[in-house]
Each structure stands twice: as structure tokens, then as C-alpha cells.
Asker: 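Before I ask anything, here is the structure I am working with.
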Amino acid sequence: MANEAVPNNPILQDKATIKEAIKRHKKEVYTPVVPEQQFGFIHNNVDCIGCRACEIACKDKNGLPPGPRFRRVMYVEGGTYPAVYAYKVNMSCNHCAEPACLPTCPTGAIYKRKQDGIVDIDSSLCIGCRRCEAACPFGAPQFIPEQNIVSKCNMCVDEIDAGRKPYCVMACMMRVLDIGPIDKLREGNYATKAMAPHEKDKLVRQVKSMADPELTNPSIVFVAHSQGHVDKPKEPQ
Amino acid sequence: MNGQDWKDKLKASLKMDRRSFLKTTALGSAAIAAGGLTVKPKEAKAFAYEPYPRDDELTTVVTSCAHNCGSRHMLVAHKKGDVIVRLSTDDGRYQQGGAFGKDTFEEPQVRACLRGRSYRSRLYSQERLLYPMVRTGARGEGKFKRASWDAALDHVAGKMEELKSKYGPTALLDQSYAGASYGVLHKSDQIEGLLGRFLGMYGCRTSSWSVPSYEGTKFSSRITFGTIQDGNEDDAFAHSKLIIMWGWNPAYTFHGGNTFYYMRLAKQQGCKFVLVDPQYTDSASAYDAWWIPIRPNTDAAMMAGMAHHIFANNWHDQNFINKFVQGMDAGTMPDWAKDKENFKDYILGKYDNTPKSPEWAAEICGVSADDIKKLAQMYATTKPAALKASWAPGRNAYGEQYNRMAAALQAMTGNIGVLGGCAEGIGKAWHAEGVAYPYDEFANVFYASIKSDRWAHTVLNYPNVKREEIGLWPGGRAGDGVIPNIRGIFWQGSDWFNQLTNINKEIQAINKLDLVVCNDSTITPSGLFADVLLPVATHFERHDVALPWYKGHYYIHRPKVIEPLGESKTDLQIYTELAYRLGGADFGRRYNPKANRDYFMYNDAVDEAFLREWWENKVMHHQHVTMPWEEFKKYGIYKFKLDRPHVAFQDNVEKGVPWETPSGKIEIFSGQLAQYDDWTKTAYGHEIPAIPKWIVPFEYLGDKEKTAKHPFHLISPHPRHRTHSIFNNIGWLRETYEQEVTINASDAKKLGIKTGDTVEVFNDRGRVVVPAYVTERCMPGVLVLYEGAWIDLDENGIDRAGNPDMLTLDEPSPAGSFAYNTVLCGIQKTDLAHKPGWDRLATARSHVFRRDL
Ligand code: SF4
Ligand code: SF4
Ligand code: SF4
């Protein structure tokens with residue numbers, strides 16, 4: 001398609017050249033950060049009542065106008081009356097191990113913290129080009145028209161630095177949303193109220209309708225609904 | 001995990017602090033853009049875009065949410081100077097022995113819901129009332145001009161004197177409600193509020209006695225158990241083996257400090273859940289409940305069918321019945337009433353040759369006989385089991401019969417007074433000391449009072465009104481049976497014009513009045529119809545203590561967090577000043593004994609004195625709390641630790657304490673109701689049977705004639721993103737849920753309606769325009785439209801916002817329950833536009849993200 005749209009651009013006609021260019025670009029702008037420890041989220045898709053206290057707490061903390069939502073509780077429902085089901089998938093930024101957003105940023109505004117793997121956007125460097133928004137497979141970066149910048153969840157770094165947990169986690173009325181070191185969360189070895197002990201084997205990296213975690217290795221794990229499982233074996237680490 | 005654990009882990013995991021990290025990282029140098037543009041390397045950092053004050057750089061003040069939702073959660077204000085920068089909630093730090101992250105079973109954090117968390121946006125909203133305003137246009141037109149306090153209060157006082165002398169002691173209608181002022185001192189309420197006492201002491205007041213939320217349920221609890229304190233504390237739910245949520249959606253209402261959370265703990269212990277409701281709610285999905293869809297208003301029939309099956313199989317607890325229950329069967333009837341109907345024989349069909357069998361019930365309620373039997377067996381044989389008969393199915397024509405029928409089921413299975421069982425009902429549990437304001441005989445509303453949703457009928461038909469039409473309370477200051485001549489309305493913490501039934505009739509009535517006064521902190525749809533708007537300080541701007549009135553055992557200190565915005569004053573300041581203007585120092589001092597006239601300007605010391613006295617005399621003395629007032633103020637919250645989970649009627653069952661009914665028993669057969677001979681002289685106006693019975697409602701899906709014209713039954717439950725009408729103006733919350741009508745997918749298909757289509761819902765009483773939400777989660781024939789949207793009428797009187805009370809019937813049930821959920825209507829596609837809010841912004845549809853077919 002792209003080739004047809006710009007038939008006269010010799011560079012774009014050569015796929016190998018394009019690949020080469022992307023590689024070079026990535027190398028120039030981005031040295032992947034391997035954090036000492038990666039923090040991530042856990043969310044219980046079934047026990048979540050979908051109240052969105054987490055969303056509003058986040059909006060209040062980050063001073064967001066109506067519109068952009070750093071945290072998004074998505075409602076999924078299915079079945080046929082009266083045999084119906086419903087569950088929630090709650091996602092903000094997944095602070096991915098290999099963030100898709102980061103290398104797309106032309107100003108280097110997006111960075112990944114070494115100590116905990118938090119991915120954040122420095123808003124004073126953001127020029128509002130919205131490339132990261134398009135790159136993220138999970139819809140995390142949010143364009144704020146009033147400020148003409150893109151902003152997103154930073155796992156409440158200020159609270160993390162102060163030794164506390166993020167606002168959304170501390171808002172959750174059902175205690176089904178939490179953070180922790182993602183490897184431990186994935187193994188089910190981290191003490192959290194987000195899951196009951198017997199739910200350990202329901203932990204998944206991906207739920208139905210969610211982008212393939214292979215794309216960015218997102219730091220999130222879910223207690224999935226029986227209808228929310230993807231038809232794939234649980235990913236090995 | 002406790003707070004310290006988390007902190008230690010976190011510190012260990014971080015190893016470096018942020019500053020040293022930034023120094024050593026090569027991150028800044030990555031900012032070289034492709035294409036030759038060179039940017040000066042700069043460290044990228046969080047919150048670089050503005051001075052972002054971190055929580056620890058701000059002043060922290062513990063306070064609470066203050067709405068009429070049945071819960072009361074902590075809000076923590078983080079402020080800079082006199083401005084609240086952000087809000088957080090309980091994180092375990094603000095109690096005695098607290099620490100970050102502390103969240104135990106006995107003392108769980110009381111975390112605020114989405115509504116509470118949005119409060120900053122309500123506090124600083126464009127709809128805030130900042131100055132007294134006087135109407136200049138027509139009622140409802142919304143044209144006002146600013147006035148001084150002096151001029152506004154003079155106008156009100158002058159009019160009050162005029163109406164009282166011309167029309168007598170019933171001329172002013174008290175329509176206060178628990179809208180925004182639920183505290184021990186600054187209380188707005190239909191019962192025992194500041195306004196009621198003010199008008200009562202002034203000697204000109206008509207009150208409204210029926211409570212919109214739960215009058216049917218209240219009646220049932222009073223008649224059956226002799227009290228409305230028939231509730232368990234929320235932690236008791238964690239001990240149930242079976243919880244039947246009958247029309248109950250705690251995922252929306254929250255209903256108590258941690259009700260929803262303790263139910264999650266019950267689920268983890270293997271508790272099974274059932275939902276009986278026309279909708280598959282989020283509560284059903286979160287607790288993985290067996291959903292039994294039921295036709296609205298037929299709950300009492302289904303319960304009768306269950307009772308029949310339990311009796312037929314001898315699953316009832318005859319021991320419990322013999323010991324504690326009156327009138328469950330022939331053997332438990334009082335001697336004087338042996339010839340009257342008892343419950344069991346009614347159920348078995350002895351009196352009318354109609355056994356109330358599961359098959360009989362199935363015809364009425366649309367639930368199969370097999371499911372009725374299955375549920376009856378589950379309930380009768382699982383111990384302990386909680387049948388939580390919520391308020392919503394009681395907001396019907398004859399809603400009281402549903403609640404009384406539920407009480408019969410609870411009693412026959414012996415699930416009363418045991419941990420894990422449930423006798424709710426109203427469900428009010430632990431008793432808080434709720435009164436710090438001056439309290440006397442004038443706080444009592446029960447004279448010259450009418451059923452709350454009959455005021456328009458009274459005004460429009462005066463003097464040709466019969467007492468039974470309006471539910472006139474017997475006795476009365478102006479003489480028994482004297483129909484009130486209502487000429488003015490006062491609103492305090494109340495948006496009743498928007499919230500009572502049949503709004504079109506209210507519009508006709510309000511135009512006949514001479515005075516309408518509205519105290520509120522924001523403009524409301526009711527306010528648009530007022531003559532005078534008096535700006536009221538929010539609970540962030542005055543000193544108080546918050547109490548949970550439904551479930552939860554704690555007090556939250558609520559200091560004045562910021563100075564009142566604009567010229568707003570507290571309700572207590574306003575009524576005190578009015579008292580001085582109407583009756584001089586005598587009335588002023590009687591109304592507010594701790595204050596002088598300068599209270600209108602300086603209220604801090606007086607409010608502190610009221611609160612300290614309440615704490616020391618009531619909380620410390622009556623409730624044996626040892627923490628001094630000053631210490632309580634320092635912490636912010638006092639959480640009670642109860643010796644055992646609070647379970648209603650435990651002492652009655654275990655120690656033989658009599659119930660507070662006339663017979664001392666659980667009255668399934670009510671001696672009081674059996675002995676009325678002239679019902680027109682009672683507040684009910686119409687007969688109420690002495691035992692619970694299924695009675696055909698005014699309109700419902702079983703009515704062949706009425707459904708021919710209006711084939712759908714509309715219910716209007718409590719929304720999650722508003723507390724009734726409060727917060728309808730908050731953009732953040734409108735983003736979480738759009739005012740829309742829920743319709744079953746097969747119904748929608750027949751009508752060619754798709755999700756997002758704009759439709760008109762209508763009947764003979766009114767018309768509303770809303771988007772449709774098409775789903776399999778709703779029973780066919782049923783429409784759901786959440787209450788509380790702010791009416792937005794077009795030139796033809798069609799409500800473009802979608803307030804269901806344009807369609808509801810202002811005919812209450814005999815016991816006073818509002819018939820909010822007794823509505824037949826039609827639905828069709830329309831070209832008219834829907835208006836989601838007064839600011840006319842469209843809201844994003846975020847409700848259903850993906851439909852997974
Ligand atoms: S979720 Fe999206 S925005 Fe967040 S790190 Fe991953 S790619 Fe970037
Ligand atoms: S971690 Fe903070 S920024 Fe991210 S979603 Fe939660 S509250 Fe919002
Ligand atoms: S606050 Fe908790 S229960 Fe509510 S939507 Fe968020 S994750 Fe779900």
C-alpha cells in the first residue's frame with residue numbers, strides 16, 4: 001500500500017532498505033534498558049466489579065480532563081440470554097519489557113527507568129506527534145488535546161519513590177488490582193490480595209481480544225475469566 | 001502484607017535512589033533524533049511539565065465523602081494553601097495503630113468509590129453556587145440575578161411571614177433530603193434534619209413522611225421485627241454459605257463500608273451466590289452468581305412459590321417458628337386472632353383455593369417452576385444462608401408485600417439471628433451516635449405530613465383532596481384530617497423536584513406556589529424552579545464528623561479543609577440567621593442554643609463546641625470510647641473493634657430477648673394491621689393485609705390490557721456513576737457510564753434498534769430521549785434507565801437527558817413505597833437529539849468495550 005501511495009520514492013520501494021533503515025534508527029535512538037527489577041500490575045478480571053474508582057483516582061491525581069484515561073477498565077460481555085457472562089479487563093500502561101512506544105519517539109521523551117522498569121514520558125520533551133500512541137498495541141498513551149501532548153501512566157513514580165503503591169491500586173475497593181515485581185507475580189509467588197491462593201493456576205499473560213504479549217512483553221498478569229482465556233498454552237517465561 | 005513489609009521490599013528492590021540513578025544513566029543522551037536534528041541532551045523525568053507537588057509536599061487532611069449512598073468512605077485531601085490539589089483515600093495510616101497498607105479483616109480500609117474520588121471536580125465545578133441568587137425569569141427557565149445575603153434572606157423571611165399568616169401552619173412544605181449533608185452536625189434529611197426543626201419551631205410546616213429509597217422495606221421491617229435495625233454489619237456476609245442477592249447490586253450501590261469486599265471474601269470461602277433480578281448485573285458477574293431473571297414487580301409471587309415448596313417438603317424450621325414467630329401457621333396465631341388468616345394456609349391455598357405453588361408463581365413472574373423449586377431447596381437446606389432482600393423490588397406498587405414475604409422466608413428457614421444468615425430488610429446495622437445538633441420535639445416530622453410523592457396532587461387539587469389520597473399522617477398540628485394548604489417549598493440537600501415521581505405533574509404544581517427556596521452547593525434541576533438560591537458550603541468547607549448510617553462501624557473526622565467558596569454558608573448558619581430575622585433573639589437562641597447572632601459570620605467555635613460535646617457525652621460516654629476528642633481529630637478516623645460480628649437479633653434468638661413488636665415475636669401476622677377498621681384514617685389510606693400476600697400491581701407485564709399499548713416494563717435502579725442526581729454534572733463520571741436505556745437484544749432486533757441508536761421511551765405521563773444499549777444481559781420485555789439524570793426539557797416538554805421520573809407514576813403503594821419501578825412504557829427510534837449533560841458535550845461510549853460473541 002505504502003508503495004502505491006508514493007510510487008516515486010525509490011527508498012520506499014525497496015523492502016530491504018526499509019528494514020535496514022528501521023534497524024539503524026532503532027539503534028541510534030534507543031539502547032534497550034534492562035531494569036534491575038521489572039514492576040508490573042496484576043488484575044483479577046472476575047472479582048473486579050468494574051467500579052472504576054481506580055480510573056477516577058488516576059484522573060484526579062494526574063489532573064486529567066474528561067477524555068484521556070490513563071487507566072481503562074474494559075467491560076467484556078457475552079453469551080445469549082439467559083446464559084450470559086461478563087468480566088472486566090483493566091489496563092493502564094504495561095511498562096513493557098520491550099516498549100513499542102519508546103523507539104518511536106523522535107525527541108527521546110519516552111524513557112524506561114533502570115531500577116523498576118517504569119516507562120514514562122517527559123512531557124517537557126513531548127511534541128505531541130502521537131507516534132507512540134499509534135505504536136502501543138494496548139492503547140496506553142493518551143493524547144491530551146488541551147495541552148497538545150501525549151501522556152500516560154507512570155505507575156505513580158512519585159508514590160513508588162515514596163515507598164507507597166500507585167493511586168489506582170490504593171483506590172481499588174475490591175483489592176483486585178495490585179503491583180509487584182512482575183516475575184514473582186507471574187509465578188503466583190507474590191503476596192497480593194488481587195488473587196486468592198487457589199487462583200494461582202488461573203494466572204495468564206494474555207486474555208482474549210488483547211494484543212499478543214510477544215509484541216512488547218507487557219508487565220501485566222491477569223486472573224482470567226473462564227471465557228477470557230486465549231486458546232494458547234500459557235506462555236513460558 | 002503490612003505496610004512496613006512493602007516498604008522494606010520496595011527499598012531493597014530499588015537499591016538506588018532516584019537521584020543517583022539519574023546521574024549514572026546514559027538515558028538523556030539517547031535524545032538524538034534521526035534526520036540531522038540535534039537536541040541538547042536533557043534528562044527525561046516524570047512530572048517535568050509543571051511543578052508537580054508530591055503528596056508529601058502537600059498538607060494532608062482526612063475527611064470523608066458525604067452523600068446519601070448508604071456508605072461513608074474516607075477521602076484524604078492533599079492541599080496547597082486553600083486549594084485541594086488531589087484526593088486519596090484510606091490507606092491504613094490514619095487510625096490508631098495505623099500504618100501504610102494496613103488492611104485487616106477487623107479494621108479494613110474504608111476506600112472511597114468512584115463518586116467520592118471525583119469530588120474535587122464537583123467541589124470546583126462550574127455548577128457551584130457561590131452567591132445568593134434571586135429568580136428573574138419564569139420558574140424552570142434558569143434566569144437569576146445575584147443578590148446580597150441580606151436581600152435574599154429578607155425576601156425569604158418576608159414571604160414566610162406572609163404565607164404563614166394567610167394560609168396557616170401547613171403552608172410550607174419541608175422537602176429536605178439526605179443529599180449532601182450527611183454528618184452528625186450539619187444534617188439535611190427528611191427525618192430529623194436541620195430544616196424540619198427550623199420550620200417546625202417556626203410553626204409552619206408540612207412534612208413528607210415516606211422515604212423514596214425504601215419506604216416499603218421500612219414498613220416491612222417495622223411491622224415484622226418492630227425496628228429498622230434488622231441488619232448485620234458488612235463483615236457478617238463473609239460467613240455466609242449462600243447469598244441470594246434479591247434485586248441487590250452492591251457493585252453499583254456499594255451499600256456499606258466494605259460490603260462488596262467481604263462478599264468477595266465469602267466467595268473465596270466457597271459461598272455460592274444467586275441473583276434474582278431482571279438484569280445480569282456486575283454484582284452477578286463478580287460473584288459468579290446464578291442469575292434468575294424475573295419480571296419486575298412479581299417478586300412476592302416468586303417468594304410465595306418458594307414458601308409453598310419449602311412447606312410442601314417440610315424444610316421449614318418448625319422449632320424456630322414455634323419459638324419466635326407469630327402467624328406463620330395456625331399454631332402460631334395469637335389466641336385473639338384464631339379466626340384470621342395465617343401465612344401457611346394462605347400459601348397452601350386454604351382461603352382462596354389457589355395454592356401459591358411454584359407452578360402458580362411461574363405463570364406470574366416468568367421464572368420456571370423448576371428454578372423456583374431449586375432456589376427454594378438451596379435456600380432451605382444451605383446453612384447459614386443470607387437472603388438479602390434489597391430495597392429496589394420494594395420500590396413498587398405493593399412493594400411492602402415483597403419485603404414482608406422475604407421476612408417470612410428468612411423466618412421459616414431459621415436464618416435470623418445467626419452469623420451468615422440475614423434478616424434484611426432495611427439492613428441498618430451498627431448504631432452510630434448520630435446527633436450533635438440541637439434535638440427536641442421540633443425535629444419530629446410525623447405530624448401534618450403526607451406521602452412524599454403526593455405533594456403535587458395535594459397542591460393541584462386543594463381543597464378537594466381526600467386524606468387517604470395523600471397519606472395524611474393522623475393527628476397533626478392543624479387538627480386531624482386537615483388537608484395541608486401548601487403554598488411554598490423549602491429544599492435542603494435535596495433535588496426532589498428531579499427525583500420524585502411524575503415530573504410533568506410537579507411542573508404544573510410548582511407554578512401554583514408563592515415561594516420556593518433552595519439551599520444547595522450547586523445548581524440543580526430543582527434549583528432552576530426556585531425563587532431564591534442560597535449557596536451552601538460543602539462538607540469540605542465546614543466542620544463535622546461523618547458516620548456511616550447503613551453499615552460500617554467508624555467515625556471520620558471532617559474538619560474544615562478549605563474556606564467556603566464564594567459567599568457560601570452552612571445550612572445551620574442560614575437557618576440560624578433566618579430564625580433571628582423571623583423571631584428575634586428568642587427564636588434564634590432556641591434554634592441554635594450555642595450561638596449568637598454573629599454565627600452567620602463566625603461559626604467555627606460554635607461548631608467545634610457542638611462536636612466536642614457530642615464526642616464526649618455520646619461517643620465517649622455511651623459508646624465507651626476512651627480516645628479523647630483532640631486525639632480523634634489528630635488521627636482522622638476511629639474504627640470500632642466489635643467483640644463479635646454484629647448480627648441483628650442474635651440476642652433475641654440466643655438469649656430470648658423479645659422483639660420490639662407488640663407481641664414480642666417476629667410478626668408475619670401483624671396484630672396491628674389486623675386491628676385497623678377504618679383504613680382511611682391511617683397514614684396508609686388503603687388496606688394492607690395482616691399477612692404478606694401477592695397483590696397485583698397497578699401496572700406490570702402481566703396486565704394484558706395495558707401492555708397492549710405500552711409493552712415494556714421500565715425499572716430505574718440506582719446508577720453507579722451518580723448518587724441519585726448528585727454528580728450528574730461531573731464529566732469524569734459521565735465518561736464511565738452514559739445515561740442510556742438498556743434493552744434486551746431480541747426485543748431490540750424486532751424494533752430495529754442497535755446499541756448507540758437514539759430512542760424515545762414514552763408513556764402517557766412523559767417522554768425521554770436517550771441512547772440505547774442492546775444486550776443479552778437484560779430480560780426481554782424489560783427496559784432499564786438509571787434514575788437521577790438532570791432533566792433537560794425541550795420546548796415540547798420532552799426530556800432530552802433521559803430522567804425516568806418523567807415516566808413514573810405518582811401513586812404510592814398503601815404503605816408509602818414509591819412506585820418507581822411500576823412503569824409500563826413504549827420505546828421507538830427517534831430523530832430527536834439526546835443531551836448527556838447541561839454542558840452539552842457528547843460523552844465517549846466507553847461502557848462496553850468489546851462485545852465478545
Ligand atoms: S503499554 Fe504501550 S505505552 Fe506502555 S510501555 Fe507498553 S508500548 Fe509503551
Ligand atoms: S499507576 Fe498511577 S498513573 Fe498509572 S494508572 Fe495507576 S494511578 Fe494512573
Ligand atoms: S477499582 Fe478495583 S474493582 Fe473497581 S474497577 Fe478498578 S480494579 Fe475493578
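Lettering of chains follows the sequences in order, A, B, ..., and the numbering in each one begins at 1. Reckoned from all heavy atoms, side chains included, excluding hydrogens, waters and symmetry mates.
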Asker: Do you know which of B:Q268, B:R115, B:R777 has the most heavy-atom pairs with chain A at a distance under 4.5 angstrom?
Answerer: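 It is B:R777.
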Asker: Non-hydrogen atoms of chain A under 4.5 Å away: do they reach the side chain of B:Y280, the backbone, both or neither?
Answerer: side chain
Asker: Under 4.5 Å, counting heavy-atom pairs only, tell me which of A:D60, A:N45, A:I56, A:V46 racks up the most with chain B.
Answerer: A:D60
Asker: Can you say whether B:M779 sits under 4.5 Å from chain A via the side chain, the backbone, both, or neither, judging by heavy atoms?
Answerer: both
Asker: May I have the step-by-step check of ring pair (Phe, Tyr, Trp, His ring centres under 6.0 Å) for A:Y81 and B:W291, ending in yes or no?
Answerer: CA-CA 10 Å; A:Y81 175 86; B:W291 178 37; 5.6 Å; yes
Asker: Would you mind checking which part of B:Y287 comes under 4.5 Å of any heavy atom in chain A, side chain (CB onward), backbone (N, CA, C, O), both or neither?
Answerer: side chain
Asker: After noting the C-alpha distance and the side-chain angles of A:N90 and A:R71, does the key distance pass the side chain to side chain donor-acceptor pair (under 3.5 Å) rule?
Answerer: CA-CA 7 Å; A:N90 188 352; A:R71 179 160 286 289; 2.8 Å; yes
Asker: So which part of A:C126 gets closer than 4.5 Å to some heavy atom of chain B, the side chain, the backbone, both or neither?
Answerer: neither
Asker: Could you tell me which portion of A:L64 (side chain, backbone, both or neither) has an atom closer than 4.5 angstrom to a non-hydrogen atom of chain B?
Answerer: backbone
Asker: Which one wins on heavy-atom pair count under 4.5 Å against chain B: A:A196, A:A86, A:C48?
Answerer: A:A86
Asker: Using non-hydrogen atoms only, which part of B:D288 is less than 4.5 Å away from chain A: side chain, backbone, both, or neither?
Answerer: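 Contact with chain A is absent: no heavy atom of B:D288 under 4.5 Å.
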Asker: Identify the two heavy atoms, one from B:Y261 and one from A:M174, that lie closest to each other, and give their separation to 0.1 Å.
Answerer: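 For B:Y261 and A:M174, the tightest heavy-atom pair comes out as CD1-O, 3.8 Å.
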Asker: Quick check on A:P197 against chain B: is it the side chain, the backbone, both or neither that has a heavy atom closer than 4.5 Å?
Answerer: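 Contact with chain B: none, neither part.
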Asker: Among B:G92, B:A284, B:A112, B:P108, single out the residue with the greatest number of heavy-atom pairs under 4.5 Å to chain A.
Answerer: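 Answer, by heavy-atom pair count under 4.5 Å with chain A: B:A112.
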Asker: Can you say whether A:D120 sits under 4.5 Å from chain B via the side chain, the backbone, both, or neither, judging by heavy atoms?
Answerer: side chain
Asker: Is chain B contacted by the side chain of A:V89, its backbone, both, or neither, given a heavy-atom distance below 4.5 Å?
Answerer: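 Contact with chain B: none, neither part.
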Asker: Most heavy-atom pairs under 4.5 angstrom with chain B, which of A:C51, A:A53, A:A57?
Answerer: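 Top count of heavy-atom pairs under 4.5 Å with chain B: A:C51.
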Asker: Could you pull out the closest heavy-atom pair between B:L87 and B:L75, with the gap in Å?
Answerer: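 Nearest heavy atoms, B:L87 then B:L75: CD1-CD1, 4.3 Å.
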Asker: B:H721 pairs by ring pair (Phe, Tyr, Trp, His ring centres under 6.0 Å) with which of B:F727, B:Y252, B:Y737, B:W732?
Answerer: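 Between B:H721 and the candidates, ring pair (Phe, Tyr, Trp, His ring centres under 6.0 Å) is satisfied uniquely by B:Y737.
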Asker: Sort out for me which of B:R93, B:H73, B:M263 touches chain A most, counting heavy-atom pairs under 4.5 Å.
Answerer: B:R93
Asker: Side chains of B:P293 and B:P278, heavy atoms from C-beta outward: is any pair under 4.5 Å?
Answerer: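 No, their side chains stay 4.5 Å or more apart.
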Asker: Give, as side chain, backbone, both or neither, the part of B:T89 having an atom under 4.5 angstrom from any heavy atom of chain A.
Answerer: side chain
Asker: What residues form a ring pair (Phe, Tyr, Trp, His ring centres under 6.0 Å) with B:Y262, not counting sequence neighbours?
Answerer: B:F105
Asker: Does A:S219 have any side-chain hydrogen bond (donor to acceptor under 3.5 Å, both in side chains) partners at least two apart in sequence or in another chain, and if so, which?
Answerer: A:Q38
Asker: For A:F70, is the NZ or CZ atom of A:K152 found under 6.0 angstrom from the centre of its six-membered ring and inside 45 degrees of the ring axis?
Answerer: no
Asker: Using non-hydrogen atoms and a 4.5 Å limit, figure out which bit of A:M195 sits close to chain B: side chain, backbone, both or neither.
Answerer: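 Contact with chain B involves the backbone of A:M195 alone.
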Asker: Please flag which part of A:H225 lies under 4.5 Å from any non-hydrogen atom of chain B: side chain, backbone, both or neither.
Answerer: neither
Asker: Whether the A:D47 and A:Y87 side chains hold a donor-acceptor pair (N or O, under 3.5 Å, no angle test) is what I'd like checked.
Answerer: no
Asker: Charged N to carboxylate O under 4.0 angstrom, B:E735 versus A:K59?
Answerer: yes
